[in-house]
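Below is one structure, written out as structure tokens; comments come after it.
Below, chain A is the first sequence line, B the second, and so on; all start at residue 1.
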2 protein chains.
Amino acid sequence: MIFFSSIYLGYICFMGVLRKTKSVKLLLSEFEKQSTAISAITLIERLQSKMNKTTIYRVLEKLEDDGFLHSFLGKNGYKWYAKCTNCSSAEHHDVHPHFQCTDCGKVDCLSKDALIPNIPNRKVDVSRVVLQGKCEDCFT
Amino acid sequence: MIFFSSIYLGYICFMGVLRKTKSVKLLLSEFEKQSTAISAITLIERLQSKMNKTTIYRVLEKLEDDGFLHSFLGKNGYKWYAKCTNCSSAEHHDVHPHFQCTDCGKVDCLSKDALIPNIPNRKVDVSRVVLQGKCEDCFT
DNA sequence: TAATTAACGCAACCAAGTTGCAATAAATAT
DNA sequence: ATATTTATTGCAACTTGGTTGCGTTAATTA
Ligand SMILES: [Mn+2]
Ligand SMILES: [Mn+2]
Ligand SMILES: [Zn+2]
Ligand SMILES: [Zn+2]
């Protein structure tokens, strides 16, 4: 039997089978205090005294399913996560490029309109774009 | 003491410390008979009876250093290789997007002019673009 | 407060890619 | 042709980001 619960965490609202556990709150708070993307590896480093890495991967996956986070692969094929804007479990509509600074390692989401144009004779579904270079802070 | 040798394999010419070994010839022939990109995993599968996977990774790395192949990370963070055009050990000037078919898995290089525009306040050095969707064959 | 079951911790596992080292085989010198 | 040099190879062991199975714990509901 499936049951639904509304979970309010600050100003965020989820609909779905997601419990307001200590782990969920801890992970969410990381994305509250930081607006840029965070790699799974970094989260494991930061939270390893407070929760198991298996739990981290599992909660991240669930938060992505729920449309609160989106994921992508960074520089070395490592997994990164960042907050969604206006996504739900029904649909992720925030496919956009990401920028990683080769100096400080910071990753942020770029606006959608920096997307690749369509390719002739092919139907583009997903566009995984990772730009690398110097960010605002490290450039000047 | 360093020595130089010109190695001619078909119409391809290398300058550098690269021996015309059985392994090098085998790997090169794979890129001769196929114009699309090939993943390291696929090459290991295909050639495992003929050479060790360590050798495959090492030869691929060397061919990339020599400007004959370029590499990029595909769908699951796996390493892919494709032929360069007019690159050398001195400089790789073939940064371009890649297209992977979600149906048949084929990956090919796209033309340079499909590149991302510049981003304000940031200096873009590398642009790793992997588009996914249906290729010509699988689309129609 | 008790019952239900999603979520957790742990340990073992998986797989792509790397490393150290002794053996081998291209290329060069004689 | 043969000996010498040393880049390259095979093998086994390792590294590491991420996954899986399962018994226990704790969030939610009755
Ligand atoms: Mn993003
Ligand atoms: Mn290419
Ligand atoms: Zn930076
Ligand atoms: Zn296809």
Side-chain angles (χ1 to χ4, degrees), chain A residues 1-9 14-28 37-66 68-69 71-81 89 105 107, chain B residues 1-9 14-28 37-66 68-69 71-81 89 105 107:
Chain A
M1 199 227 282
I2 300 167
F3 68 94
F4 290 91
S5 59
S6 312
I7 300 177
Y8 293 88
L9 296 149
F14 291 110
M15 290 294 293
V17 264
L18 179 65
R19 291 183 178 180
K20 187 201 217 159
T21 68
K22 198 185 159 196
S23 305
V24 170
K25 279 187 268 186
L26 268 170
L27 273 167
L28 282 175
I38 316 177
S39 68
I41 297 291
T42 302
L43 289 167
I44 290 167
E45 275 173 18
R46 284 191 201 164
L47 302 171
Q48 64 186 350
S49 66
K50 288 170 184 155
M51 57 194 295
N52 190 271
K53 72 168 179 174
T54 309
T55 306
I56 294 180
Y57 282 114
R58 287 200 272 229
V59 171
L60 287 174
E61 190 185 16
K62 195 152 287 180
L63 289 172
E64 184 169 21
D65 288 345
D66 266 24
F68 178 68
L69 297 178
S71 73
F72 56 93
L73 301 180
K75 203 172 56 170
N76 301 111
Y78 297 163
K79 211 154 191 191
W80 286 73
Y81 285 87
S89 57
V107 175
Chain B
M1 200 227 280
I2 301 168
F3 68 94
F4 291 90
S5 58
S6 312
I7 300 176
Y8 292 88
L9 296 149
F14 291 109
M15 290 294 292
V17 263
L18 179 64
R19 289 185 180 181
K20 186 202 220 157
T21 69
K22 197 187 160 197
S23 305
V24 170
K25 279 187 268 187
L26 268 171
L27 273 168
L28 282 176
I38 316 176
S39 68
I41 297 291
T42 302
L43 288 167
I44 290 168
E45 274 172 20
R46 284 191 201 165
L47 302 171
Q48 64 186 349
S49 66
K50 288 171 183 155
M51 57 193 296
N52 190 271
K53 70 166 179 173
T54 310
T55 306
I56 293 179
Y57 282 116
R58 287 198 272 230
V59 171
L60 287 173
E61 190 185 16
K62 196 154 286 181
L63 289 172
E64 183 170 22
D65 288 346
D66 267 23
F68 178 69
L69 297 178
S71 73
F72 55 94
L73 300 180
K75 203 172 57 171
N76 300 111
Y78 297 162
K79 210 153 193 192
W80 288 73
Y81 285 87
S89 57
V107 175

What's the CG-C1' distance between A:Leu63 and C:dA7, to the nearest Å?
13 Å
Quiz question: going by heavy-atom distance under 3.5 Å, is there a donor-acceptor pair between the base of C:dA6 and the side chain of A:Arg19?
yes
Quick check on C:dA7: is either OP1 or OP2 less than 4.0 Å from any side-chain nitrogen or oxygen of A:Lys22?
no
Between P of C:dA7 and CD1 of A:Ile56, the distance in whole Å:
16 Å
I need the CG-P distance between B:Leu47 and D:dT9, as an integer number of Å.
12 Å
Separation of B:Glu45 atom CD from C:dA15 atom P, in whole Å?
12 Å
Below the 4.0 Å mark, does C:dA27 have OP1 or OP2 next to a side-chain nitrogen or oxygen of B:Lys20?
no
When the axes are fitted on five pairs at both termini, how much does the helix from C:dT1-D:dA30 to C:dT30-D:dA1 curve, in 10° steps?
30°
Closest heavy-atom pair and its distance - A:Tyr81, A:Glu61
OH-N, 4.3 Å
B:Trp80 and side-chain contact (heavy atoms from CB on, under 4.5 Å): which partner among B:Leu73, B:Val107, B:Leu69?
B:Val107
Pairs under 3.5 Å (N/O, protein and nucleotides 2-4 of chain D):
none

For B:Leu60 and D:dT8, give me the distance from atom CG to atom C1', rounded to whole Å.
14 Å
Give the rounded distance in Å between these two atoms: CD of B:Gln48 and P of D:dT9.
17 Å
Under the side-chain contact (heavy atoms from CB on, under 4.5 Å) test, which residues partner A:Ser23, sequence neighbours left out?
A:Thr21, A:Met51, A:Thr55, A:Val59
Minimum heavy-atom separation for A:Lys25 and A:Lys20, please, with both atom names.
CE-O, 3.7 Å
Can you see if the side chain of B:Thr21 gets near the phosphate of D:dT8 - specifically, an N or O under 4.0 Å from OP1 or OP2?
no
Taking distance alone, no hydrogens or angles, what donor-acceptor pairs closer than 3.5 Å link side-chain atoms of residues 39-50 of chain A to residues at least two apart or in another chain?
unit_1  : atom_1 : unit_2  : atom_2 : d
A:Ser39 : OG     : A:Thr42 : N      : 3.1
A:Ser39 : OG     : A:Thr42 : OG1    : 2.6
A:Arg46 : NH1    : A:Glu30 : OE1    : 2.6
A:Arg46 : NH1    : A:Gln34 : OE1    : 3.3
A:Arg46 : NH2    : A:Gln34 : OE1    : 2.8

Between the protein and nucleotides 13-18 of chain D, which nitrogen or oxygen pairs come in under 3.5 angstrom?
unit_1 : atom_1 : unit_2  : atom_2 : d
D:dG18 : OP1    : A:Lys79 : N      : 2.8
D:dG18 : OP2    : A:Tyr57 : OH     : 2.8
D:dG18 : O5'    : A:Tyr57 : OH     : 3.4
D:dG18 : N7     : A:Lys53 : NZ     : 3.1
D:dG18 : O6     : A:Lys53 : NZ     : 3.0

CG of A:Asn52 versus C1' of C:dG9: gap in Å, rounded?
5 Å
Could you tell me whether the side chain of B:Arg58 has a donor or acceptor atom within less than 3.5 Å of a complementary atom in the base of C:dG17?
no
What's the CG-C1' distance between B:Leu43 and C:dA16, to the nearest Å?
14 Å
For B:Asp65, check side chain to side chain donor-acceptor pair (under 3.5 Å) against everything at least two apart and list the hits.
none
